[in-house]
Structure formats: structure tokens, C-alpha cells
Amino acid sequence: MLKQQMLYEGKGKKLFATDDMDLVIAEFKDDLTAFNAEKKGNEAGKGELNCQISTILFELLEKNGIKTHFVKRLDVQNMLCKKVSIIPIEVVVRNIATGSLTKRLGIPEGNVLSQTLVEFYYKDDALGDPLINDEHCKILSIVSDDRDLEFLKSQARQVNAVLKDFFDLKNLRLVDFKLEFGRDKDGHIILADEISPDSCRLWDKQTNEKLDKDRFRQDLGSVKVAYEEVLKRISK
Ligand code: TMP
Ligand code: ASP
């Protein structure tokens, strides 16, 4: 598979065209950003870790009937993916209160939510990715059909059910995570982007130690060590 011109550079990945117009290569970067890129860093080897972790999780989800853009991992840092047109909604799923939920609603940090919460954020850096509801999605013409929003929510809940059980077996609590979806060449909505400690919060089940990007956001140190620990646990 030939890596051709770069199509797009995001905060965590570069996307390249290939000799197949329906496929792209995602190269996972070592860059770290937080708070809408107000805080920037770099951790050598982080891209490789996220590429490997995402591969394991996409393969797990595919096995459990979730359609994703994942085709195969090409090497340590490069993933072959179906080309999609990204739907500009960040779908956040929460099991435990922390982060912006705690700030916005005052739910104490670490409280287990009485039910899983699915939220939509408008993927727009200039606006700071604001929280939106179903009606905003339609007014903004992000989707035209209520069924698409219901599909995103049900997919997000299914992903949560699979990942939560999987991480639990690996002695990790899946606190919350962010998903992105896209439309493939036939217009079908499939899971895209990545699933990694950059986009999930994972706490050790016994100690609640944070093993995700909060280590960078909150200056806790040992970012790479934490990501390595996640990879080690889920590889077993
Ligand atoms: P939040 O508590 O900051 O809203 O984050 C919720 C989840 O979404 C958390 O697992 C981190 C992830 N996330 C991203 O992947 N990208 C983002 O831009 C933001 C704000 C959060
Ligand atoms: N991904 C976002 C950024 O780079 C925010 C975050 O994950 O905290 O700014």
C-alpha cells in the first residue's frame, strides 16, 4: 500500500492518500495537546503506543459487530483505514464523573453515574467544541435525520458495553471516552478516528491511578509509562 500525499493533519494524526481512493493511512503522532491545543507537548513513542492500542480496540469492536474504519495496522505507527467523511460531532460516553462533567454540573469527581451518559459536542476548534443537543445537530445541519442521532447514541452505548467489560478484565476502569464517526463511500455511518489513552480516561481498578492523557493535562508525569502500562495490560 503506497503512502501518497498528506490529506489532513490533525492534533493526533496525519492522514495520507493511498493508491486506493477508498483507503487512507493514519499516521499516529507523538504530539500531545490539551485544552483545545492551548497546552502542547510531545512524547517520543506515544504515536506507536496509540496505534497499537487502537488496533487492539478496533479489532475487538469489529469482533463484537461494530463497523469501524479500521482495515489493518501497517506498521508500528501507521494504520490503514477506510476513507470516511467525518461527522463533526464528538460523541462522549461517561460512566464515572470527572473532567468537564464535574466542572459543568458539580457532580463529585469519581462518582459512578446512575446510568451511562452519552453527550454530543460540536467538533469545531474555533468554538471550543461546545456541548450540543439533538436539536442543535439538526439546526446546524450536521445530520438531517433523527435516526442518525439515535444510531450514534446506540453505537456509542454498544462500544461502551464492549470496552467497559474488556477493560474491567484488564484491571482498568473505563471512566469516559470520546468517539468520532464518519460516512463511508456508501453513506453508511461507521466508527472512525482512534480509541486510545488520548481519547479515553482509564483508571487503575484498585488505586484509581490515571493511566491516560490526564497525566499530561494535569502535569502528573510519566505519560508514556502510563500508555505502555495500558498496552501491556490489554495485550495479554
Ligand atoms: P471532558 O471531560 O474533558 O469533556 O472529556 C471527556 C472525554 O473525552 C475524555 O475521555 C477525554 C475525551 N476528549 C477527547 O478525546 N478530546 C477532546 O477534545 C476532549 C475535550 C475530550
Ligand atoms: N484534544 C483536545 C486538544 O487537543 C482537548 C483534550 O483532549 O483535552 O486540545
Side-chain angles (χ1 to χ4, degrees), residues 8-15 26 28-43 46-47 49-51 53-54 57-58 61 68-69 86-113 116-133 136 152-153 155-157 159-164 166-167 172-182 191-204 208-220 223 226-227 230 234:
Y8 169 82
E9 178 162 9
K11 286 183 277 208
K13 290 180 296 303
K14 291 178 183 168
L15 284 190
F28 286 67
K29 303 197 317 185
D30 289 339
D31 294 344
L32 279 156
T33 64
F35 316 119
N36 206 6
E38 269 173 40
K39 178 169 178 169
K40 291 193 174 104
N42 187 280
E43 189 82 28
K46 194 260 315 183
L49 288 162
N50 276 358
C51 184
I53 292 168
S54 281
L57 299 178
F58 278 133
L61 291 171
T68 80
H69 71 156
I86 287 286
I87 298 169
I89 300 178
E90 299 199 343
V91 182
V92 169
V93 181
R94 301 181 189 268
N95 297 305
I96 297 174
T98 188
S100 69
L101 182 68
T102 293
K103 276 207 201 91
R104 188 179 313 111
L105 299 180
I107 304 174
E109 163 97 10
N111 269 27
V112 177
L113 302 178
T116 300
L117 175 64
V118 178
E119 298 174 324
F120 291 152
Y121 292 82
Y122 185 29
K123 192 172 149 60
D124 185 317
D125 283 342
L127 297 174
D129 297 342
L131 179 69
I132 52 174
N133 66 20
H136 294 117
L152 293 179
K153 287 182 211 169
Q155 287 290 105
R157 287 183 193 280
V159 169
N160 185 50
V162 173
L163 294 185
K164 205 167 154 238
F166 175 74
F167 282 121
L172 289 165
R173 302 171 83 190
L174 179 59
V175 174
D176 57 27
F177 57 95
K178 183 260 306 181
L179 300 175
E180 294 185 25
F181 294 84
L191 183 61
D193 194 45
E194 68 182 87
I195 310 178
S196 73
D198 273 9
S199 60
C200 300
R201 287 196 175 98
L202 296 163
W203 295 354
D204 178 85
N208 280 339
E209 186 189 5
K210 296 174 199 280
L211 296 171
D212 56 63
K213 198 164 90 170
D214 272 350
R215 299 206 70 81
F216 170 71
R217 294 190 187 96
Q218 299 171 10
D219 294 316
L220 301 174
V223 178
Y227 286 42
V230 171
I234 69 171

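Numbering of ligands and ligand atoms starts at 1, following listing order. Heads up: numbering here begins at 1 and tracks the sequence.
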Query raised in the report: Given that the side chain starts at C-beta and the backbone is N, CA, C, O, which of these parts of Lys39 lies under 4.0 Å from ligand 2, counting heavy atoms, or is it both or neither?
Result: neither
Requested in this report: Test side chain to side chain donor-acceptor pair (under 3.5 Å) on Asn160 and Asn95 and set out the steps.
Outcome: CA-CA 9 Å; Asn160 185 50; Asn95 297 305; 2.9 Å; yes
**Report entry** Minimum-distance protein heavy atom relative to atom 2 (C) of ligand 2
**Finding:** Lys11 NZ, 4.1 Å
Requested in this report: With side chain to side chain contact (heavy atoms under 4.5 Å, CB included) as the test, would you mind laying out the steps for Leu113 and Leu101 before giving the verdict?
Outcome: CA-CA 11 Å; Leu113 302 178; Leu101 182 68; 4.0 Å; yes
Query raised in the report: What atoms of ligand 1 come closer than 4.0 angstrom to any heavy atom of Phe177?
Result: 10 (O)
**Report entry** Nearest non-hydrogen protein atom, atom 3 (O) of ligand 1
**Finding:** Arg201 NH2, 3.6 Å
Query - Atoms of ligand 2 close to Arg217 [distance to a heavy atom under 4.0 angstrom, numbered from 1] - result: 6 (C), 7 (O), 8 (O)
Report task. Run down the list Thr33, Asp129, Asp198 and name the one with the heavy atom closest to atom 4 (O) of ligand 2. Result -> Thr33
Report summary line: Min over Ser100, Pro197, Gly128, Ala34 of heavy-atom distance to atom 1 (P) of ligand 1 lands on Ser100
Requested in this report: Just jot down the ligand 1 atoms closer than 4.0 angstrom to any heavy atom of Asp198, in number order.
Outcome: 15 (O)
Report task. Output yes when a side-chain donor or acceptor of Asn208 lies under 3.5 Å from a complementary backbone atom of Trp203, and no otherwise. Result -> no
Query raised in the report: Short list, please: which atoms of ligand 1 are under 4.0 Å from a heavy atom of Gly99?
Result: 2 (O)
Query raised in the report: Can you list the ligand 2 atoms lying under 4.0 Å from a non-hydrogen atom of Phe35?
Result: 5 (C), 8 (O), 9 (O)
**Report entry** Donor-acceptor under 3.5 Å (Arg94 side chain, Glu119 main chain)
**Finding:** no
Report task. Could you tell me if any non-hydrogen atom of Arg217 lies under 4.0 Å from any atom of ligand 1? Result -> yes
Query - Salt-bridge criterion met for Glu43 and Arg215 (N-O under 4.0 Å) - result: no
Query raised in the report: Does ligand 1 have a heavy atom under 4.0 Å from the side chain of Lys213, from its backbone, from both, or from neither?
Result: neither
Report task. Provide the number and element of each atom of ligand 1 under 4.0 Å from a heavy atom of Cys200. Result -> 10 (O)
Report task. Provide, to 0.1 Å, the distance between atom 15 (O) of ligand 1 and the closest protein heavy atom, together with that atom's residue and name. Result -> Lys178 CE, 3.0 Å
Report summary line: Nearest non-hydrogen protein atom to atom 9 (C) of ligand 1, with distance, is Asp176 OD1, 3.1 Å
Query raised in the report: Do side-chain atoms of Lys29 reach the backbone of Gly47 as a donor and acceptor pair under 3.5 angstrom?
Result: no
Query raised in the report: Short list, please: which atoms of ligand 1 are under 4.0 Å from a heavy atom of Val92?
Result: 6 (C), 8 (O)
Query raised in the report: With no hydrogens and no angle check, is any side-chain donor or acceptor of Asn133 less than 3.5 Å from a backbone partner on His136?
Result: yes
Requested in this report: Could you list the atoms of ligand 2 found under 4.0 angstrom from a heavy atom of Ala37?
Outcome: 3 (C), 4 (O), 9 (O)
Query raised in the report: For atom 1 (N) of ligand 2, what is the nearest protein heavy atom, given as residue, atom name and distance?
Result: Lys213 NZ, 3.5 Å
**Report entry** Atom NZ of Lys40: over 12 foreign heavy atoms under 6.0 Å
**Finding:** no
Query - Heavy-atom donor-acceptor pair, Ser54 side chain to Cys51 backbone, under 3.5 Å - result: no
Report task. Look at ligand 1 and say whether Glu90 reaches it with a heavy atom at a distance under 4.0 Å. Result -> yes
**Report entry** Salt bridge present between Asp198 and Lys213 (N-O < 4.0 angstrom)
**Finding:** no
Query raised in the report: With a 4.5 Å heavy-atom cut-off, do Lys11 and Asn36 have their side chains touching?
Result: yes
Requested in this report: Examine ligand 1 and decide if any of its atoms is less than 4.0 Å from a heavy atom belonging to Glu119.
Outcome: no
**Report entry** Step-by-step side chain to side chain contact (heavy atoms under 4.5 Å, CB included) determination, Leu163 to Ile195
**Finding:** CA-CA 10 Å; Leu163 294 185; Ile195 310 178; 4.1 Å; yes
Query - Glu194, portion touching ligand 1 at heavy-atom distance under 4.0 Å - result: neither
Query raised in the report: Does a sphere of radius 6.0 Å around NZ in Lys153 hold more than 12 heavy atoms from other residues, nucleotides or ligands, not counting ones at 6.0 Å or beyond?
Result: yes
Report task. Please indicate, with yes or no, if any protein heavy atom is found under 4.0 Å from atom 20 (C) of ligand 1? Result -> no
